[in-house]
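See structure below.
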Number of protein chains: 2
Amino acid sequence: MSLPHAILTALLEKPSSGLELTRRFDKSIGYFWSATHQQIYRELGKLEAEGLIRALPAEQPARGQKKAYEVLPAGRAELARWTGAPQDPKPHRDALLLRLRAAAVVGAAGLEADLRRHLELHERQLTEYREIERRDFPPGKDGTEDRLRHLVLRAGIDLETFWIQWLGHALSEFARLPDPGEAERTGEPRA
Amino acid sequence: MSLPHAILTALLEKPSSGLELTRRFDKSIGYFWSATHQQIYRELGKLEAEGLIRALPAEQPARGQKKAYEVLPAGRAELARWTGAPQDPKPHRDALLLRLRAAAVVGAAGLEADLRRHLELHERQLTEYREIERRDFPPGKDGTEDRLRHLVLRAGIDLETFWIQWLGHALSEFARLPDPGEAERTGEPRA
DNA sequence: CCGCTTTATGCAACTAGTTGCATAAGCGTG
DNA sequence: CACGCTTATGCAACTAGTTGCATAAAGCGG
């Protein structure tokens, strides 16, 4: 329900071709609404058919040519409508927490290494976010748009910080678990 | 890829029927891996066909009768394998952050009220988590399973706490935005 | 100017999750 | 005992997202 609106937002920020959108999803919007190029191309087609966007007239519109889109008034109106309409939060799904809960019944063999890997991934992401913050939101840049966008970035930064803390806590708990070397048994690891 | 493993975990914790599983997903496992009863029934069928679980022999197995399942050794082994195998984190999608970003281009009309509603929902969830913590993890209950399960609950509590803080911050930013009363204009809310 | 890589767009098939509805038994109550 | 309500299981159709592959032009190096 949200992908078309993510695309409308991106196109309003800057008219783009499918591939350009894909790249921007990879490095900015995708941080909280990811999409593959397939999804994007399909959705661009639908949005055009619905009259919410249109292809910018290109020099030679041929295969292998960039085809850039811009948002039409109807598209902007639809995005404004969607943004202001109440929406229930979708239920989350987190495989890592699920695995931890499973580990409580079948044993934690192998999990610790992956926890460490995830910790590293989150640290890398946090570094990237801080980089963006330093670059795009220097002190003084605080217009209305800036404030809102900064707020979104802050959520990303704080979420990564949360996960790094939690994973650190989890790993320290693992260190206190009874002999993690015995990986063979499948029974419950009860004391 | 994770629903079958969520079900295996739930069944290992306690053999159950489809409806019992649905209820338990609603109040505990579903906090980090939600599922509807349809998904659960379908998956139970698949898991049985694959020989990972089996139906417990009931008195009169008829329509409208409870049909309870238990995990077979193959199911336990599969769950242990999955738990220990490395897995990349799935890209997240958060509609609320997306809406905030959209608000930066089409205006924030209507968003504030929904932010407030979300804040309330998160506060309610946090209260529920704290209740569970008080009930299920009193000081002293710290066996291996308890520690792991408590860790998962802590993640839930801290995540809710994070969102409550962030939403509070967001709302205070909204309060400082230029006249939020002018809801009509669809142009950019630039200063 | 031939083959190789990169850029750009897209189809088809698949997996996962959601929504709406159907069926049937058990249980209470006027 | 007929009616409606709750419990319990399930099918079918749909929407969203993923994966694998196909196509074609542009740029570049030998």
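Heavy-atom basis, side chains included; hydrogens, waters and symmetry copies ignored. In this text the structure is predicted, and so the values were computed from the model without any measurement. Lettering follows sequence order; numbering is per chain, from 1.
Here B/Tyr41 reaches the OP1 or OP2 of D/dT9: one of its side-chain N or O atoms lies under 4.0 Å away. The phosphate of D/dA16 (OP1 or OP2) has no side-chain N or O of A/Gln39 nearer than 4.0 angstrom. At the phosphate of D/dG17, neither OP1 nor OP2 sits under 4.0 Å from any side-chain N or O atom of B/Lys90.
Electrostatic pairing of A/Arg149 and A/Asp136 does not count as a salt bridge here, judged by no charged N lying under 4.0 Å from a carboxylate O. For A/Arg117 and B/Asp88, the salt-bridge test passes: some basic side-chain N is under 4.0 Å from an acidic carboxylate O. Ionic pairing of B/Arg23 and B/Glu20 is not present here: no N-O contact between side-chain nitrogen and carboxylate oxygen is shorter than 4.0 angstrom.
Below 30°, between 30° and 60°, or above 60°: for B/His122 and B/Trp163 the angle between ring planes is below 30°, a parallel geometry.
Atom CG of A/Leu44 and atom P of C/dG10 are 8 Å apart (whole Å). Rounded to an integer number of Å, the gap from CD1 of B/Ile7 to C1' of C/dG17 is 13 Å. Nucleotide C/dT23 holds its P atom 20 Å from the CG atom of B/Leu19, rounded to whole Å. Distance OH (B/Tyr69) to P (D/dA8): 14 Å, rounded to an integer number of Å. The CD-P distance, from B/Glu48 to D/dT9, rounds to 12 Å in whole Å. At whole-Å resolution of the value, CG in A/Leu3 and P in C/dA16 are 20 Å apart. Atom CZ of B/Arg93 and atom C1' of C/dT18 are 15 Å apart (whole Å). Atom CD1 of A/Ile40 and atom C1' of C/dC11 are 17 Å apart (whole Å).
The side chain of B/Gln38 lies closest to C/dC21 when the candidates are C/dT9, C/dC21, D/dT9.
Sequence order on DNA chain D of the closest nucleotides to B/Gly18 and A/Trp33 puts B/Gly18 first from the 5' end. If you find the closest nucleotide of DNA chain D to B/His37 and to A/Ser2, the one lying nearer the 5' end belongs to B/His37.
Across all strands, A/Ser17 comes closer than 4.0 Å only to sugar-phosphate atoms, never to a base (heavy-atom distances).
Taking 3.5 Å as the limit, the base of C/dT18 and the side chain of B/Arg42 contain a donor-acceptor pair of atoms between them.
Between B/Leu19 and B/Ile40, every side-chain heavy-atom pair lies at or beyond the 4.5 Å cut-off.
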